[in-house]
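Working notes, structure below.
In each ligand, atom 1 is the first atom listed, and ligand 1 is the first ligand listed.
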Amino acid sequence: MSLGPGAVEYLAPKAQEALKAARVVVGYQTYITLITSLLTHQEVVATGMQGEVKRCQAAIDRARAGQWVALVSGGDAGIYGMAGLVLELCAVQGLKVGQVDSNDELDFSLEVIPGIPALTAGAALLGAPLMHDFAAISLSDLLTPWEIIQRRVEAAAQGDFVIVLYNPKSKKRDWQLKAVVELVLRYREPLTPVGLVRRARRAGEEIIVTTLEHLPKQPVDMQTIIIVGNSQSFQYGPYLVTPRGYLAKYQVGDQ
Ligand code: SAH
């Protein structure tokens, strides 16, 4: 299930219900910390970073044993989250899973509860940057070859998509963001507005609007999401706006 960006107000009521009903809560320690106030009676199984397979397997094993498990994932569980890995593991192990109200004979039932992903939490703080077609790309090359990431960034830049960059930088991955900026600059103006949101809806939240050419100099870490505007995006005060086209069609266009 999805935890949303951080603060409990941004956690869907359905997800809160699932947490309450759970006998076991499984998750990455940082996310468990975000929901301590909601953990009253549940057994907590917390694992460290890169313990993803172990964590999902632990959740599957508990569910097969008949326990109600909440496997928590930050943002939306279906966007670079744990939902996919759980289903992949079920597929590899030939487990029969289905919806909670299914009439089929199942190994266990499974429901993916959606949440607010960093891309909308961040976009809302920036104003309205995702009002037109956008592409989300993770810069983490731990599981995806760099050539594929590069190809996708280039295609998105060429297609004039607003580009959302997930996992932009970590201590070990420090050159990728600059390489991406250089690639996008082949198709987009240096003054293209760019928004950065660090720790959206968490303590220490920070919002920056800058330009594509100045992006490499900004403070960026693993809790930052970056939104690169398209050729029409503009900055208005502290906001980043991508026009949908209404004004051009109904006002300017009518004259
Ligand atoms: N499932 C999550 C994404 C997990 S990948 C979602 O739906 O948003 C982890 C990346 O998400 C981070 O490196 C960062 O780029 C972004 N992210 C997650 N939460 C964030 C937050 N509160 N503020 C800014 N970026 C965040």
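Backbone and side-chain nitrogen or oxygen atoms of A77 are examined, and none is located within less than 3.5 angstrom of a nitrogen or oxygen of ligand 1. Geometrically, ligand 1 and A118 share a nitrogen or oxygen pair separated by less than 3.5 Å.
Interface atoms of ligand 1 facing Q223, defined by a heavy-atom separation under 4.0 Å, are 23 (N), 24 (C), 25 (N). Atom numbering of ligand 1 starts at 1 in the shown order; those under 4.0 Å from a heavy atom of V197 are 24 (C). Listed by atom number, the atoms of ligand 1 under 4.0 Å from I79 heavy atoms are 1 (N), 2 (C), 3 (C), 6 (C), 7 (O). Atoms of ligand 1 lying under 4.0 Å from at least one heavy atom of Y80, given by number and element, are 4 (C), 5 (S). Heavy-atom contacts of N167 reach the following atoms of ligand 1: 5 (S), 9 (C), 10 (C), 12 (C), 13 (O), 15 (O) (cutoff under 4.0 Å).
Within a 6.0 Å radius of CZ in R152, no more than 12 heavy atoms belonging to other residues, nucleotides or ligands are found.
Using a non-hydrogen distance threshold of 4.0 Å, G6 does not register as a contact of ligand 1. The shell of residues lying under 4.0 angstrom from ligand 1, judged by heavy atoms, includes M222.
Between R151 and E154, none of the side-chain N atoms (NZ, or NE/NH1/NH2) sits under 4.0 Å from a carboxylate O, so this pair counts as no salt bridge. A salt bridge between D221 and R198 is present, with a side-chain N of the basic residue lying under 4.0 Å from a carboxylate O of the acidic one.
The closest donor-acceptor contact from the side chain of D104 to the backbone of L106 lies at 3.5 Å or more, if one exists at all. Side chain of S73 to backbone of M82: a donor-acceptor contact under 3.5 angstrom is found. Between the side chain of Y166 and the backbone N or O of L119 there is at least one donor-acceptor pair closer than 3.5 Å. A donor-acceptor pair is defined here as one N or O able to donate and one able to accept, closer than 3.5 Å; no such pair exists between the side chain of H214 and the backbone of L191. Within the 3.5 Å criterion, the main-chain N or O of R201 finds a donor-acceptor partner in the side chain of E205.
If you check which protein heavy atom lies closest to atom 16 (C) of ligand 1, you get Y166 CD2, 3.7 Å. Among protein heavy atoms, atom 21 (C) of ligand 1 sits closest to A200 N, 3.6 Å. From the protein, the heavy atom lying nearest to atom 15 (O) of ligand 1 is T224 O, 2.7 Å. Looking at atom 7 (O) of ligand 1, its nearest protein heavy atom turns out to be D76 N, 2.7 Å.
Side-chain rings of F134 and F161 stay apart, their centers remaining 6.0 Å or farther from each other. Taking the ring centroids of Y31 and Y28, they lie under the 6.0 Å cut-off.
With a heavy-atom cut-off of 4.0 Å, R202 touches ligand 1 through its side chain alone. Residue L119 does not touch ligand 1, judged by heavy-atom distances below 4.0 Å. Using a 4.0 Å cut-off between heavy atoms, P168 contacts ligand 1 through its side chain alone, with no backbone atom that close.
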